[in-house]
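Computation of the quantities below employed the complete heavy-atom set of this structure, encompassing side-chain atoms and omitting hydrogens, waters and symmetry-equivalent molecules. By convention in this document, chain letters (A, B, ...) are assigned in the order of the sequence lines, proteins followed by strands, and residues within each chain are numbered from 1. The shown structure was predicted, so the numbers you read here are calculated from the model rather than taken from an experiment.
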Amino acid sequence: MKYDFKNIESKWQKKWEEEGIYKTSEDYEKPKFYCLEMFPYPSGNLHMGHMRNYSIGDVIARFKRMNGYNVLYTMGWDSFGLPAENAAIKHNIHPYKWTWSNIATMRSQLKQLGFSYDWDREVATCHPEYYKWTQWFFLLLYKRGLAYRKKATVNWCPSCSTVLANEQVVDGKCERCKSEVTKKELEQWFFRITDYADELLDDLEKLPGWPEKVKTMQYNWIGRSEGVQFAFTEEKTGEKIEVFTTRPDTVYGVSYIVLAPEHPLVDTLCAGTEYEEPVKRFKDKMARYSEIDRTSTEAEKEGMFIGAYAINPMNDDKVPIWIANYVLMGYGTGAVMGVPAHDQRDFDFAKKYDLPIKVVITPKDKVLQAEEMTEAYVDEGILINSDRFNGINSPDAITAIGQYMSDKGIGEFKVNFKLRDWLISRQRYWGAPIPIVYCDKCGVVPIPEEALPVLLPEDIEFKPQGTSPLKDCAEFVNTTCPKCNGPARRETDTMDTFMCSSWYFYRYTDPRNQNAPFDEKKVDYWMPVDQYIGGVEHAILHLMYSRFFNKVLRDAGLVKVDEPFENLLTQGMVLKDGAKMSKSLGNTVSPEEIIAKYGADTARLFILFAAPPERDLEWSDQGVEGCFRFIQRVIRLVDDLSNKLSNAKDTGSMDRDVRFITHKTIKKATEDISERFNFNTAISAIMEMVNALNDYKDSDISKDVLKEALENLLLLLAPFAPHITEEMWHKIGHESSIHLMPWPKCDESALVVDEIEIVVQVNGKLRDKIKIPAQATDEEMQEMALKSERLIPFLEGKKVVKVITVPKKLVNIVAK
RNA sequence: GCGGGCAUGGCGGAACUGGCAGACGCGCCAGACUUAGGAUCUGGUGGAUUUAUCCCGUGGAGGUUCAAAUCCUCUUGCCCGCACCA
């Protein structure tokens, strides 16, 4: 007999589609479950990472469905983005065509895997019906004062020739193409994500269903720090130099201040002095360093005095003003106070340039001497040389000095974040156009909602230089002002694709709505997402932008939930030979070849069996073979046993054993899937059931019990291997789909046994195993254990001091 | 440097609240069926050993406990994230 997976799988896929068994509607009476997977970028072909991600999701969706939930489970395409444009330039194919043909390929690959998506809800972010609403959301943010335009030094990727958000710069390199990111002054659109910094941080606590790791990453990225902001006054010009510090308790120890080389005051302060030239040279040198070189902890601190002095407002000390590589314009005020005695960076800098070190905090047990210090003293201590604050404990002094500054009008308490506003302009073609026009008379004018979408023109020319073709498309650029009807120019930048992916999960709830991004009632029913599954690489970018979006939509009254994703599962990578599968390493295995050779059920089973979902998974061709063999064993077993079923006249002497196996497996598999997503152990439990039933092939089992065993075996396996279980389900006489059946229920009474095996230990070491009646009391257990003959040599010449009993499990005899 | 995670047979992994270490699968060994086996079935498979053993064994060293892969302290190696954030 041959396992004809090709025909079996395509037959059922066709049938499921015809019968629409995975279609979902809003049944408001039924409990809902929203199972969401991170939608793919249509790069051309499905890879193993996709297959793993979606196999996990499909099991959860099917399991929840069988458990009576109304499950929303669908698929879409994150289909705007740079690769399409690169393909256009390289292969002279229009991004539109390239993208849609990739979508078609990948859709059919997904269908071949038998995932239970409701394909009627499919969305693609590059479809005008979708990006119309992306633009609508831009306008919403604009109206709410959350979208603004400003000239800023931005991250520029020369190879992609576009700006990048901070989150897209990884190690100073472009997240996508890995080329070195440079800086550029440009007028750009930003979203005010920093308005939500506090809430994004605080609400991490409302996410117990998220991995700690992801929450920590977001926590660090938001980077909240509390401190005090106050100003030094430049001696000659009277210019205020604002600094931020988390250590106001050290303010009497300031011996210099440092500005970032790009600080606007630098030029003002040394204009016309002998320092002007060398400062300019220093700045040029800094500009040549990449961000990564300049901010690496290994980089030597480098700076110079710029010929000016500032007055410390707390004690009127006059301190020199320096510029240095280690101070960043992008954080705080771009200027810091230097306290060498109590900050390691300042200490290093002061040592190198021979700046004074002034101790203002000293440990309780001894007095610190500046000359003797080999490193900064950063711990708590008592304030000295600090005027009225002498003798105060340094943690108390932070508040006391901050309060004093605030009372005297010198400074104020301030919270700083590392999080920057989200730069969403991209100088690229294949994205959603920003719905804005520039009018000489009216200035910046948003496109009215009813005029959406602003369509991306298709008839354009791609240039190898990689500049956005939109700029050169006169029909697109030249338009009329919606306000005054005069001539106006369209914004030619498009939106960051992360904008498109920040709201797709709402669209799934109402994907064909023509009048709104989604219907309120539907979105309220489905949201939040109950289970989100995807790679950890989106821990910051996508997951934080989506959280931000959710909060904006909530404040706009469009959704009610505070957080979009209740539970998050970050699946591990798929490795081959210990390394991540990648084209450059040449160690890839494509889902396609595995499906062709073994079928979808085997592929799915293997990827779920080989490791728990959160761990990395080592690909093994032999492991795949093993799963292939397992499926064939199931087929043989079901065939053999159903033959037995048709001519059985058994009395059922083995019924109890078989029922025990059946219900034990139901219990174990149910727990493993629902409580822990440990599909690997759920599958191994099912394998054990198959092994056990094999042993009972020729035993005396009654019809009902045999039938119960077979049906439950198939039901338990159905979420993992949907095709073959459906095939066998029909083979044993069912008419309707196995995937519409309820999940098996464990009959606890079947697990009751007369006799149990317990472990007998002497001094914690296993010495015997004995069978005792299941109902035995602790005393009876001990009694029986002590009777064991195998214990005699271990107890000889010793006195039993104590006997410990773990009910139904173990007796440990402590003997001396 | 800071933060997080991991470490168990030849391999992937199991052991969930401390209670039989190595489930399940792969691989390997032996046998059966066979012209053949890279099919299938049966049995075996942590190490050591005098092969029915008061033995050793979960990266390493200590500790807590009647009992530790699991808890605590120290330590080594690997992976991930952040990284001069004032």
Side-chain angles (χ1 to χ4, degrees), chain A residues 170-171 211-217 219-221 223-225 227 243-247 250 257-258 260 292 294-301 324-328 330-339 343-346 348-349 416-419 536-537 539-540 573 575 605-606 609-612 614-627 629-630 632-633 636 668 671-672 675-676 678 680-688 690-691 694 757-769 790-791 793-796 801-806 809-815:
Chain A
V170 178
D171 290 339
E212 224 37 60
K213 183 190 162 99
V214 173
K215 287 191 280 187
T216 310
M217 282 165 74
Y219 181 91
N220 291 333
W221 187 262
R224 183 190 146 102
S225 66
V243 298
F244 172 78
T245 181
T246 53
R247 294 292 305 273
T250 66
I257 65 175
V258 194
I292 180 138
R294 214 183 103 183
T295 59
S296 139
T297 33
E298 271 106 75
E300 173 96 20
K301 294 201 176 21
N325 58 347
Y326 75 97
V327 176
L328 309 170
Y331 183 74
T333 62
V336 299
M337 60 184 213
V339 187
D343 182 286
Q344 192 55 42
R345 293 157 300 174
D346 297 346
D348 297 340
F349 193 70
N416 254 324
F417 293 95
K418 282 206 282 181
L419 182 70
V536 75
E537 66 273 16
I540 295 173
M573 288 184 299
L575 312 175
L605 206 58
F606 169 73
F609 177 62
E614 305 210 63
R615 264 211 247 180
D616 288 350
L617 179 153
E618 176 69 32
W619 185 265
S620 154
D621 291 328
Q622 284 160 335
V624 178
E625 297 260 4
C627 290
R629 279 201 292 267
F630 168 67
Q632 288 168 289
R633 270 160 66 80
R636 274 197 304 274
K668 168 84 175 141
E671 282 171 3
D672 284 353
E675 287 166 26
R676 308 191 291 157
N678 278 6
N680 55 332
T681 50
I683 293 167
S684 76
I686 298 168
M687 287 174 168
E688 284 181 79
V690 171
N691 292 347
N694 247 320
E757 191 182 63
I758 64 158
V759 167
V760 184
Q761 297 180 331
V762 177
N763 293 332
K765 289 198 167 150
L766 172 75
R767 295 305 179 202
D768 198 9
K769 292 179 188 183
R790 303 198 57 184
L791 302 187
F794 300 99
L795 294 174
E796 229 163 33
V801 184
K802 204 172 166 190
V803 181
I804 287 150
T805 316
V806 181
K809 264 195 184 153
L810 153 156
V811 175
N812 184 20
I813 299 153
V814 186

Which nucleotide, if any, forms a Watson-Crick or G-U wobble pair with [N], using both distances under 3.5 Å?
N: B:C16; result: none
N: B:G81; result: B:C2
N: B:U64; result: none
N: B:U49; result: none
N: B:A23; result: none
N: B:A7; result: B:U76
N: B:A30; result: B:U42

Round to the nearest Å and state the distance from [X] atom [atom1] to [N] atom [atom2].
X: A:Arg636; N: B:A39; atom1: CZ; atom2: P; result: 12 Å
X: A:Phe606; N: B:G13; atom1: CZ; atom2: P; result: 10 Å
X: A:Gln344; N: B:A83; atom1: CD; atom2: C1'; result: 15 Å
X: A:Lys809; N: B:C66; atom1: NZ; atom2: P; result: 19 Å
X: A:Arg345; N: B:C2; atom1: CZ; atom2: C1'; result: 13 Å
X: A:Leu605; N: B:G25; atom1: CG; atom2: C1'; result: 10 Å
X: A:Tyr219; N: B:G4; atom1: OH; atom2: C1'; result: 14 Å
X: A:Phe609; N: B:A14; atom1: CZ; atom2: C1'; result: 10 Å

> How would you label the glycosidic angle of B:G10: syn (within 90° of 0) or anti?
Replying inline: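 Anti.
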Need one value for [X]: base, sugar-phosphate or nothing, where a base atom within 4.0 Å counts as base even if backbone is also close, heavy atoms only.
X: A:Glu625; result: nothing
X: A:Lys668; result: base
X: A:Val814; result: sugar-phosphate
X: A:Lys418; result: base
X: A:Gly626; result: sugar-phosphate
X: A:Asn680; result: sugar-phosphate
X: A:Arg633; result: sugar-phosphate
X: A:Asp346; result: nothing
X: A:Thr216; result: sugar-phosphate
X: A:Asn416; result: nothing
X: A:Arg767; result: sugar-phosphate

> Is there a side-chain polar atom (N or O) of A:Asn691 under 4.0 Å from OP1 or OP2 of B:G25?
Replying inline: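 So the side-chain polar atoms of A:Asn691 do come within 4.0 Å of the phosphate oxygens OP1 or OP2 of B:G25, strictly under.
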> Should A:Arg790 be listed as having a side-chain N or O under 4.0 Å from OP1 or OP2 of B:U53?
Replying inline: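 A:Arg790 to B:U53 OP1/OP2: no side-chain N or O under 4.0 Å.
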The side chain of [X] lies closest to which of these nucleotides: [options]?
X: A:Arg676; options: B:A15, B:C54, B:A39; result: B:A15
X: A:Val336; options: B:G19, B:A86, B:C84; result: B:A86
X: A:Ala610; options: B:A21, B:C66, B:G12; result: B:G12
X: A:Thr681; options: B:A14, B:A67, B:G12; result: B:A14
X: A:Ser684; options: B:C24, B:C26, B:G19; result: B:C24
X: A:Leu328; options: B:C54, B:A86, B:C24; result: B:A86
X: A:Glu688; options: B:C80, B:A21, B:A23; result: B:A23
X: A:Met687; options: B:G81, B:C20, B:G25; result: B:G25
X: A:Met217; options: B:C56, B:G81, B:A67; result: B:G81

> Pick the nucleotide of RNA chain B nearest each of A:Asn678 and A:Thr333; which residue has the one closer to the 5' end?
Replying inline: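 So the residue in question is A:Asn678.
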>> Nearest heavy atom decides the nucleotide; on that basis, is A:Ala335 or A:Glu618 closer to the 5' end of RNA chain B?
In response: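 Mapping each residue to its closest nucleotide by heavy atoms, the 5'-most match is A:Glu618.
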Suppose we call a contact any N or O donor and acceptor under 3.5 Å apart; does that hold for the side chain of [X] and the base of [N]?
X: A:Asn220; N: B:C82; value: no
X: A:Glu212; N: B:G5; value: no
X: A:Lys769; N: B:C20; value: yes

> Does the ring of A:Tyr326 carry A:Lys301 above it, NZ/CZ under 6.0 angstrom from centre and within 45° of its axis?
Replying inline: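 Judged by the rule, A:Lys301 and A:Tyr326 form a cation-pi pair.
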>> I need the minimum non-hydrogen distance between A:Asn678 and A:Pro612, along with the two atoms involved.
In response: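 Between these two residues, the closest heavy atoms are OD1-CB, 4.3 Å.
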>> Can you give me the closest heavy-atom contact between A:Trp221 and A:Lys418, atom names plus distance?
In response: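 In terms of heavy atoms, the two residues are closest at O-CB, 3.6 Å.
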>> Between A:Asp616 and A:Ala611 (side chain of the first, backbone of the second, donor and acceptor by atom type, cut-off under 3.5 Å), is there such a pair?
In response: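 No; zero donor-acceptor contacts below 3.5 Å.
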> Under a 4.5 Å cut-off applied to non-hydrogen side-chain atoms, are A:Leu575 and A:Leu617 in contact?
Replying inline: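 They are not in contact (no side-chain heavy atoms under 4.5 Å apart), so the answer is no.
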> Can you check whether A:Lys213 reaches A:Val536 side chain to side chain, under 4.5 Å on heavy atoms?
Replying inline: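 Contact flag for A:Lys213/A:Val536 side chains = yes.
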